[in-house]
K.L.:
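Below is one structure. I have some questions about it.
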There are 2 protein chains.
Amino acid sequence: MLKISRITDYATVVMAYLAQNPVDIHNAKDITTHTHIALPTVSKILKLLAKAELLISHRGANGGYSLAIEPKKISIASIIKAIEGDVGLTECAHTDSHCQIEASCSIRGNWRVISQIVLNALEDISLLEMVSPMSTQSVSVDKLKQALSEMNTEQQGLQDE
Amino acid sequence: MLKISRITDYATVVMAYLAQNPVDIHNAKDITTHTHIALPTVSKILKLLAKAELLISHRGANGGYSLAIEPKKISIASIIKAIEGDVGLTECAHTDSHCQIEASCSIRGNWRVISQIVLNALEDISLLEMVSPMSTQSVSVDKLKQALSEMNTEQQGLQDE
DNA sequence: TTTAAATAGTACTATTGCGGTCCTAATTAT
DNA sequence: ATAATTAGGACCGCAATAGTACTATTTAAA
């Protein structure tokens, strides 16, 4: 477990397909044919992606969807967020919801930090890298290192709350 | 979303509590009192953690559970694994199960890499760090960098499959 | 030796979430 | 006008999960 939802998984497949022709407009039927994901499901996913402004929708006849920005600038994290909303490993990591054990729970803040770390890893992977066979070198260690140190600074403030 | 399960979340709370007195034996009732997690749930969690050899169980009167190894050597990843089994972000990332779109899915391998990255981040955080107020410096960038480069080597082989 | 206090193991239920489908508008090219 | 699309919901059924309960086993202590 620790899974992303199936729909999110499919969303990355759809995005990957669109990224192959970043300029073209594809309608839902076309995408179904090429990805082998059921039409209603594809349709649902496309709506969510459009709402999150990762795709531009073209209504009416000859309509369809096209990428809103270049594949290089679309992170895996942004796709996950588009489908699943805000990401946090635990309930309290991303909302102010109060779980029952809250009072005695000493590790809230830490889960937030961990969620951030995971999220940063995901922010750091672009759709472009996802389409091309990913030799792990493309996940630049330097980029990750930088992202992490940036996060440290941010979190410093967070701890002070 | 992208959540660990509630039980897993609780498991970290339980482990964190035990880590406060790494030598002592605590029974389920005691842990319930201090964590405010329902007794049957605590009991269930403890059994799973013991099965995964993160805890040692002491049966009979005056029995209970104690940490099997020192908090420093227990990773968050190991706790998650104890409760949820093998971790992978997508279905195909950790099993050989065949999803319907497999044939046209070009991104299988990449999800595996990403899962690895997330897992590494989680392996790198110890229970000890979880108990102490976590300033993100404690998540050593160097350690992460090293873990990542080790992973690169492993994955190199994986890609060749 | 008996009793009480624990864990081990397993089975069960209820509920929530999610995947997936479908229907009715609104929009737009031809 | 018409046909092809997306927009936006509503809806259902299954599966996974949380949480509970029950019985057997083990062990300390009276």
Side-chain angles (χ1 to χ4, degrees), chain A residues 1-14 18 24-33 35-66 68 80 82-85 90-91 97 99-101, chain B residues 1-11 13-14 18 24-33 35-66 68 80 82-86 88 90-91 95 97 99-101:
Chain A
M1 324 297 165
L2 185 72
K3 284 205 181 61
I4 58 173
S5 75
R6 185 111 122 253
I7 298 286
T8 305
D9 189 359
Y10 287 167
T12 62
V13 174
V14 168
L18 291 179
D24 295 7
I25 294 179
H26 299 267
N27 63 31
K29 202 181 286 182
D30 170 47
I31 295 170
T32 299
T33 311
T35 59
H36 298 123
I37 304 169
L39 178 58
T41 305
V42 166
S43 172
K44 187 183 200 171
I45 291 168
L46 289 169
K47 287 171 199 170
L48 287 169
L49 291 170
K51 204 167 192 178
E53 297 181 331
L54 293 179
L55 297 181
I56 296 170
S57 73
H58 308 265
R59 300 182 71 164
N62 292 335
Y65 294 87
S66 57
I80 297 178
I83 307 293
E84 314 203 352
T90 58
E91 198 61 44
S97 72
C99 68
Q100 293 134 333
I101 62 168
Chain B
M1 322 300 166
L2 185 71
K3 283 206 182 62
I4 59 174
S5 75
R6 186 111 122 253
I7 299 286
T8 306
D9 188 358
Y10 288 166
V13 174
V14 169
L18 292 179
D24 295 8
I25 294 178
H26 300 266
N27 63 31
K29 201 180 286 181
D30 169 47
I31 295 171
T32 299
T33 311
T35 59
H36 298 123
I37 303 169
L39 177 59
T41 305
V42 166
S43 172
K44 187 183 201 173
I45 290 169
L46 289 169
K47 287 170 199 169
L48 287 169
L49 291 171
K51 205 167 192 178
E53 297 181 332
L54 293 179
L55 296 181
I56 296 169
S57 74
H58 308 265
R59 301 182 70 163
N62 292 335
Y65 295 88
S66 57
I80 296 178
I83 307 293
E84 314 203 351
D86 246 345
T90 58
E91 199 59 46
T95 64
S97 72
C99 67
Q100 295 135 332
I101 63 170

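Proteins get letters first, then strands, A, B, ... in listed order; numbering begins at 1 in each.
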K.L.:
Does D/dA7 have its OP1 or OP2 closer than 4.0 Å to a side-chain nitrogen or oxygen of A/Ser57?
P.N.:
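Yes, because at least one side-chain N or O of A/Ser57 sits under 4.0 Å from OP1 or OP2 of D/dA7.
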K.L.:
Could you tell me how far apart B/Glu53 (CD) and C/dT7 (P) are, to the nearest whole angstrom?
P.N.:
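Answer to the nearest Å: 18 Å.
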K.L.:
Please determine, for the side chain of A/Tyr10, which listed nucleotide (D/dT17, C/dG20, D/dT20) has the closest atom?
P.N.:
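Of D/dT17, C/dG20, D/dT20, C/dG20 is nearest to the side chain of A/Tyr10.
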K.L.:
Without decimals, in angstroms, what is the distance between A/Asp9 CG and C/dG19 C1'?
P.N.:
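Nearest whole value for this atom pair: 13 Å.
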K.L.:
Which nucleotide in the set D/dG9, C/dA8, D/dT5 lies at the smallest distance from any side-chain heavy atom of A/Lys47?
P.N.:
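Side chain of A/Lys47 sits closest to D/dG9.
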K.L.:
Can you name the residues that form a side-chain contact (heavy atoms from CB on, under 4.5 Å) with A/Thr32, not counting sequence neighbours?
P.N.:
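In terms of side-chain contact (heavy atoms from CB on, under 4.5 Å), with neighbours along the sequence ignored, A/Thr32 is linked to A/Leu39, A/Val42.
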K.L.:
Rounded to the nearest Å, what distance is computed from the NZ atom of residue A/Lys29 to the P atom of nucleotide D/dA3?
P.N.:
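A/Lys29 atom NZ is separated from D/dA3 atom P by 14 Å.
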K.L.:
Just to verify, what does A/Ala68 make a side-chain contact (heavy atoms from CB on, under 4.5 Å) with, not counting sequence neighbours?
P.N.:
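Partners of A/Ala68 by the side-chain contact (heavy atoms from CB on, under 4.5 Å) criterion, ordered by chain and then number, come out as A/Ile56.
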K.L.:
Identify, between B/Lys51 and B/Gly63, the residue whose nearest nucleotide on DNA chain C lies closer to the 5' end.
P.N.:
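Nearest nucleotide further toward 5': that of B/Gly63.
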K.L.:
Give me, pair by pair, the N or O atoms of the protein and of nucleotides 27-30 of chain D that are less than 3.5 Å apart, along with how far apart they are.
P.N.:
| residue | atom | partner | partner atom | Å |
| --- | --- | --- | --- | --- |
| D/dT27 | O2 | B/Ala61 | N | 3.3 |
| D/dA28 | O3' | B/Asn62 | ND2 | 3.0 |
| D/dA29 | OP1 | B/Asn62 | ND2 | 3.2 |

K.L.:
For the pair B/Leu49 and B/Ile83, evaluate side chain to side chain contact (heavy atoms under 4.5 Å, CB included) and give the outcome as yes or no after the intermediate values.
P.N.:
CA-CA 7 Å; B/Leu49 291 171; B/Ile83 307 293; 4.2 Å; yes
K.L.:
Nearest whole Å is fine: how far is C/dA6 P from B/Leu39 CG?
P.N.:
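Roughly 11 Å, once rounded to whole Å.
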K.L.:
Taking the side chain of A/Pro40 as heavy atoms from C-beta outward, which of C/dG19, C/dC22, D/dT20 is closest to it?
P.N.:
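That would be C/dC22.
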K.L.:
For A/Ser5 and C/dG17, is the shortest distance between a side-chain N/O and OP1 or OP2 below 4.0 Å?
P.N.:
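For C/dG17, neither OP1 nor OP2 has a side-chain N or O of A/Ser5 closer than 4.0 Å.
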K.L.:
Of B/Asn27 and A/Thr8, whose nearest nucleotide on DNA chain C comes first from the 5' end?
P.N.:
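Of the two residues, B/Asn27 wins.
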K.L.:
Closest to the A/Ala28 side chain: C/dT7, D/dT6, D/dA7?
P.N.:
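So the nucleotide nearest the side chain must be D/dT6.
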K.L.:
Between atom CG in A/Leu46 and atom P in C/dT21, what is the gap in whole Å?
P.N.:
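Rounded to whole Å, this separation is 15 Å.
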K.L.:
Tell me: CD1 of A/Ile56 to P of C/dT28, nearest whole Å?
P.N.:
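Between P of C/dT28 and CD1 of A/Ile56: 14 Å.
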K.L.:
Between B/Arg6 (CZ) and C/dT16 (C1'), how many Å, whole number?
P.N.:
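Roughly 10 Å, once rounded to whole Å.
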K.L.:
My understanding is that only residues two or more places apart in sequence, or in another chain, count here; which of them pass side-chain contact (heavy atoms from CB on, under 4.5 Å) with A/Lys47?
P.N.:
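Once residues adjacent in sequence are excluded, the partners of A/Lys47 under the side-chain contact (heavy atoms from CB on, under 4.5 Å) criterion are A/Ser43, A/Tyr65.
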K.L.:
Just to verify, what does A/Asp24 make a side-chain contact (heavy atoms from CB on, under 4.5 Å) with, not counting sequence neighbours?
P.N.:
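Here the qualifying residues are A/Asn21, A/His26.
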K.L.:
Both A/Gly64 and A/Lys44 contact DNA chain D. Which one's nearest nucleotide lies toward the 5' end?
P.N.:
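The 5'-side residue here is A/Gly64.
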K.L.:
Passes side chain to side chain contact (heavy atoms under 4.5 Å, CB included), A/Ile31 versus A/Leu18? Steps please.
P.N.:
CA-CA 8 Å; A/Ile31 295 170; A/Leu18 291 179; 4.0 Å; yes
K.L.:
Would you check if the side chain of A/Glu84 reaches a backbone N or O of A/Ile4 as a donor-acceptor pair within less than 3.5 Å?
P.N.:
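Flag not set: sc A/Glu84 to bb A/Ile4 has no pair under 3.5 Å.
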K.L.:
Output yes when at least one side-chain N/O atom of A/Ser43 is less than 4.0 Å from OP1 or OP2 of D/dT6, else no.
P.N.:
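No, no such contact exists.
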K.L.:
Quick one: B/Ile83 CD1 to D/dA18 C1', roughly how many Å, whole number?
P.N.:
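Answer to the nearest Å: 13 Å.
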K.L.:
Considering residues at least two apart in sequence or located in another chain, which fulfil the side chain to side chain donor-acceptor pair (under 3.5 Å) criterion with B/Ser66?
P.N.:
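Counting only residues at least two positions away or on another chain, B/Ser66 forms a side chain to side chain donor-acceptor pair (under 3.5 Å) with B/His58.
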